[in-house]
Every structure is written in structure tokens, then in C-alpha cells.
Amino acid sequence: MGKNIVEKILENHLVSGVIKEGNLIGVRVDQVYTQDATGTMTWLEFEAIGIDRVRVPLAVSYVDHNMLQSNFMNADDHLFLRTAAARFGAYFSRPGNGICHQVHLERFAAPGLIALGTDSHTPTGGGIGMLSIGVGGLEAASVMAGMPFEFTMPKVVRINLFGKLRRPYVTAMDVILTLLRMLTVKGGVGKIFEYGGEGVKDLSVTERATITNMGAELGATTSIFPSDENTLRFLRAQGRHHQWIPLEADDDAEYSEIIELDLSEIEPMIAQPHSPDNVVPVKELKGTKIHQVCIGSCTNSSYKMMKTVSSILKSKTVHEEVTLFINPGSKQVYEMLAREGDIETLISAGARILESACGPCIGMGGAPGSGQISIRSYNRNFKGRSGTKDAFVYLASPVVCAIASIKGEIVDPFEAGIDIEEVKEPETFYINDNMIIPPKKERNIKIIKGPNIKEVPIKEPLEDTIEAEVLLKLGDNITTDDILPAGSQVLPYRSNIPEISKFTFKNIDETFYDRAINAKSKGGGVIIGGENYGQGSSREHAAIAPMYLGIKAVIAKSFARIHRANLINFGILPLIFENPDHYEQLSQGHIIKITNLIDAVKGNQRYMVFNLSNNTSFEVYSNLNEKERELVLSGGLLPYVRRKVIE
Ligand code: MIC
Ligand code: SF4
């Protein structure tokens, strides 16, 4: 029987299990990378495991999120990360070098490899044919400590592309927005999207990377493209042609589902507030006045896209009622734009050029004004994520964004009457790795920790009975930004759980922290969620902080993959309603009781929940695989890995 690309890569890396949908499998990992906002915890966890050197062929520590240095905290974290990388044998990408996903694609990613990253947009590497998966920090730390990466084999869905994009008006961003419209933010849960078909040839590696990057918004485990001539061209242009291998699915490969997509029919699309799947054609919103435009991020900052933006802005002026921010995703692109005069063009048009970092995407500066409309070439527009609670954020291609910045309103690119240059991928990229520090040989390097860097809290093993208060009852698609917001006020506390936990659910309920602390002294709390609980980022703080506040379980209709794993890794039980109607029986403030937990986790994973407040009961279940059962029983992944590594 023929194999698809995913199966081929997994087979080459398999250390345990049988590659079959739903099975627990373990694989060897080639590359692990971290970014600063999740990385400080990851490296603290790595240190706590007690190994003195990373045990993967390549580890890279990036600094790209916490870049505003309004006090000592972020700078201290950068120093910690630099010294930890040197001490433990990782490359260190210095602040200013760019956003992890883009730099990784340019300088390290290669077809046929497996990479993990402590960020949900790690699938960007799928654009080059690398199986790239976003994970929580502790998962990454345990793999860097030499453990295999174990996961339940997802379904593999083929997306068959044919036709050609109507460039320059339609871009790769419109492809992924079209898919989000079709499949929604939970359409990819438990799935890997594998692209194939004639249309693949029409897309360059960086365009493919835009699609796999934002595949994260579908809730997918990852997305991947074949490795072909275009992949070779990209690697050659990056001076890395020796890392190329061809990779494609066999003709008789099997998939759990096949989706057909005609690239020539795709039109410019836009996601409306406040969800990346709230997508409509741009023409439906034409004439909508806007106040801010942001172009860049890990989704849309390729050289090709930035040059296109520059061609749109050439000899123009940003509309007088609009602010235009541009954050090129990497120093490589930034430097090339500077060398070729495009930075001059952008400055001349009135753009506010930011450093190569996440910036406004994560509310690290560039927040819109009250009630303002911002249109961004980024990947997430959750309410409040921009840093302004009542702002309205739209997501669209850099072409749509650039045109809007000049016109002051949303305009269909086909009707804009603007000359747009058809930019080609460069034959050679400008290579200057002077901001990447290779691992050091010496072992006695001191790790420097500033006063804001605190230890990782560890949970006790699972108790047999939970008697806890329902602290919050939430709806569908709750994001990790809802659970633990980002933004310039909160992000600097990523290395300090006691402090950051004060922001848990703060944007939803200001009183949450106080109520949780109060409940903790009486047995703890539980959270009730709807479908797709915890979608979005990989931030494990959205599990660690609740654990620290005494949350024992989350009962939901379904969970998003990375957050579910993070809950388990920190010993919080993810429980699912047997009958979703039972959700209605619960209210905030109710006290619930679950007994015989240990036997149930070891046994049939069914649990009876007694609602002591209204004398009702209902059944919930967990779907933990063998390893996850052990993790939950031990109180999480840290105690488990420590034990394994010492064995
Ligand atoms: C995001 O885009 O939400 C982030 C910020 O990059 C997160 C990581 C984090 O919260 O640090 C992600 O995507 O995983
Ligand atoms: Fe950074 Fe935004 Fe990309 Fe997350 S999505 S890595 S915050 S640029």
C-alpha cells in the first residue's frame, strides 16, 4: 500500500507504536525550538529535569515576543535565555534577528525532518516539507532531555490543489482564509493537512509556509507540503541546497478525507472580528473605514510579500486617518529590504517600521485606539489580543492591507486601480547569521536569572476525590488568550507564575483570581467549557496558572489539542461531557464532587460527577492514552520525566 508524506516521515523516526490513526506513537525528533515568551519556562523546566546538555541534534532558542523593554524584566529574560542556551548546548537567536518561525524556515528547517516548537505556529516549517508541531514548553523540555515525542496519531487529510492564484491580487493568505471559512477553527482538530496536487507547483516555499502557519487556526496538529523543485530552489537561495531531499506522497497513498481546492477561483478574503474563521470575500466589506494597518508577523513577512507591499506604497502616502505599522519577520528580509531601497520607500510613504519581532500581533505595542478598526496581515484576531479590548481586528493579505493603508478603507484589490509589482522569489537570499550564536563547547557557563524569574511550581500526584467549586462556566472556542491574556502588561511575567496567575481569565472576569484563591483553601475549583476549549496558542501558562490556583479539572464538550496536552502535563484532568446537554445543569458557584478518580483513570476513564448544589449527577469521561494516564496520576509531566531520566 502506498504512503502519504506524513507516514513516510513518521516511519523514518518511529521509536514506538504502529502508525495508524488513533494509536499512541513515539518518534525521534530532529529539531526543537523555543521562543522567549514560552521559552523561559521551557528552559527552567529543562534545568529542573536535571540534564546538562540537550539530547537532540539541534535546539534553537529565539527571542521575538517580549521585546518591549519597559523595565528590567524582559531584558533579564533575554539574558537568562542566552546563558541557558550556552550552558545547555542550544543555538541562540538574538533579539532583533526575527520571529522564530520565519528565521527557522530560512536558516534551519529542512524537508523530511521532525521539529517541535514551543509555539502554536511551528507548522510554518510544513512549507518546506518538515513535519513541524507546536507543543507546550514541558513537552519540548522532555524531548530535549532525550525522551521521544509521543502523541496520538491524527487523521491525515489531503488538500488537493489545482489551478493558479490570480497574482498579484490573490495571495497565499487568501488560500488559508478560504480554508478557514470552509472548515472553521475546529475543523482541523485531530488532523494533519497534507497538501498535494498540480497546484502545489504554483506556490513558493514562503507561500506554502503562510498556509501551513495559519493552518494552526484550523486547530490542526500540523500541515505539510511536498518537497519539490521549488523547495530545492528556496534551499539553494538560502545556501542550504545540501539539505534538500525530494518528498511526495505515493500515487496510491491513503487519506481519511480529500478536499479539492481550485486556486484560480480563490478571491481576496478577509476575517472579521473576532475569529480567524469569520471570513468573507473582501468585496463584501468594501468601503469600510479603517484606522490602523499592520503588515508582517510570522504569517506574511516573506521577502516576496514585503517587496509587493513596497511596490504598492511606492510614491504614495499613508491615508491621513490611518497608522501603518510594518514588522518584517526576520532580519534577513529586513536587511534585504534596506539594501534594495524598500525601507526608504516604506518610510517615505509614512509607514512606522518596527523591529523584526511579533510586536502588535501579541499586543506588544501598536495597540489600536478605543473602538478602532485595525486590519492586519497576521493570523489571530481574538477579542482584546491587540491590547485594546474594544478594538475590531480584521485579518487579510498584505496586498489588501497595503491598499487599505493608502485608501483609508477596505478596497477589493481588483478594483483598487493600483499597480502592483509581480515580485519573484530571489535567486539568493542575503545570508548574514551574525545574530545567531552557535552552541558553546564549555560546560561551566553560569545561568543568570533576574529577580522576576521564579521556579516552576509542581503539582502533587492526583487525589482520589475532587470536591470543588465551579469557578467559571464558559462557551465554545474559548482561547488561551481568554484564559491567560498576552499583551505588554502580562507577558513580562511569563517567568513568574505567582504573578502571572493574577491575570488568569482577567479579561472575562475581573474577580476570578480572588475567587480561585478563596476556593483553593476549600478544595479547589473546576472550569466548565464548551466546544474546542483552549484553542489558539501553545502557552502552557494557560495550564500552569490555573494549576497554581488550585484548578483540579476542566469539564468541556471538547478540547483543543495543545491546551489539552498542557493541562495533562500539569496534572489537570480534561474531562468531557458524556452527554453535552448536561452542560446546562451546571452554574457558576455550584459545588461538584467526583470520587474514585485514581481507579477511573487507571480503568475505564468514566467518572460520575455529583452536583452537591442541585442534587443532580452526570457522567463525564477522559480519553487519555497510556502515557497520559501516567502523567495525570503522577501530577504531570515534570515528575514523570524526572523519574524516567533518572531510571
Ligand atoms: C500567539 O501567537 O498566540 C503566541 C503568542 O505566539 C503563542 C505563544 C505564547 O503565548 O507565547 C502561540 O502561538 O503559541
Ligand atoms: Fe509572534 Fe504573532 Fe506569530 Fe505568535 S502569531 S509567533 S505572536 S507573530
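Values in this document were obtained by computation on a predicted structure and should not be read as measured data. When a ligand or atom number is given, it counts from 1 through the structure's own listing order.
- Considering each of R539, R380, Q35, the one bringing a non-hydrogen atom nearest atom 8 (C) of ligand 1 is Q35.
- Using a 4.0 Å cut-off to heavy atoms of I362, the atoms of ligand 2 that qualify are 7 (S).
- Between W43 and F88, the two ring planes are parallel [angle under 30°; tilted spans 30° to 60°].
- When only non-hydrogen protein atoms are considered, atom 11 (O) of ligand 1 lies nearest to R494 NH1, 2.7 Å.
- Annotation: Y62 is not in aromatic contact with F92 [ring centroid separation under 6.0 Å not met].
- Residue A37 has at least one heavy-atom neighbour below 4.0 Å for each of these atoms of ligand 1: 11 (O).
- For the pair L105/F234, a side-chain contact is recorded, criterion being any heavy-atom separation below 4.5 Å from C-beta on.
- Closest heavy-atom approach to atom 5 (C) of ligand 1 within the set T38, D119, T34, I362: this belongs to I362.
- For atom 1 (Fe) of ligand 2, the nearest protein heavy atom (residue, atom name, distance) is C358 SG, 2.3 Å.
- Closest heavy-atom approach to atom 12 (C) of ligand 1 within the set C298, G363, C358, S537: this belongs to S537.
- Residue contacts with ligand 2 include R385, since one or more of its heavy atoms lies under 4.0 Å from the ligand.
- By the 4.5 Å heavy-atom criterion applied to side chains, N532 and V185 are counted as neighbours.
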Applying salt bridge (charged side-chain N to carboxylate O under 4.0 Å, His left out) to D342 and K307, what does each step give before you reach the verdict? CA-CA 7 Å; D342 297 284; K307 291 285 278 191; 2.8 Å; yes
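- C361 lies close to atom 2 (Fe) of ligand 2, since one of its N, O or S atoms is found at a distance under 2.8 Å.
- Residue N379 has no nitrogen or oxygen atom sitting less than 3.5 Å from a nitrogen or oxygen atom of ligand 1, judged on distance alone.
- Looking only at side-chain heavy atoms (C-beta outward), M173 and M305 stay at 4.5 Å or farther from each other.
- Under the 30°/60° scheme for interplanar angles, the aromatic rings of Y195 and F225 are found to lie parallel.
- Relative ring orientation between H121 and H101 is described as perpendicular, the plane-to-plane angle rising above 60° on a 0-90° scale split at 30° and 60°.
- Heavy-atom distances between R385 and ligand 1 reach below 4.0 Å in at least one pair.
- For ligand 1 and S538, the ligand atoms under 4.0 Å from any heavy atom of the residue are 12 (C), 14 (O).
- Heavy-atom contacts of H65 reach the following atoms of ligand 1: 4 (C), 5 (C), 6 (O) (cutoff under 4.0 Å).
- M182 contributes atom CE, which lies 13.0 Å from atom CG of D277 (distance to the nearest 0.5 angstrom).
- You'll find the side chain of M144 reaches within 4.5 Å of the side chain of T42, heavy atoms only.
- Atom 3 (Fe) of ligand 2 has as its closest protein heavy atom C298 SG, 2.3 Å.
- Those atoms of ligand 2 that come under 4.0 Å of a heavy atom in H101, given as number and element, are 6 (S).
- Contact annotation for D64 and ligand 2: no heavy atom of the residue comes within less than 4.0 Å of the ligand.
- Taking the side chain as every heavy atom from C-beta outward, I483 and I478 approach each other to under 4.5 Å.
- The part of H65 lying near ligand 2 is the side chain, judged by heavy-atom distances below 4.0 Å.
- Every atom of ligand 2 with a heavy atom of N379 under 4.0 Å away is listed here by number and element: 5 (S).
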From CA spacing to verdict: ring pair (Phe, Tyr, Trp, His ring centres under 6.0 Å), F108, Y91: CA-CA 11 Å; F108 295 106; Y91 284 81; 5.4 Å; yes
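- Among all non-hydrogen protein atoms, the one lying nearest atom 13 (O) of ligand 1 is S120 OG, 2.6 Å.
- If you look at H541 next to ligand 1, there are no close heavy atoms at all, none under 4.0 Å.
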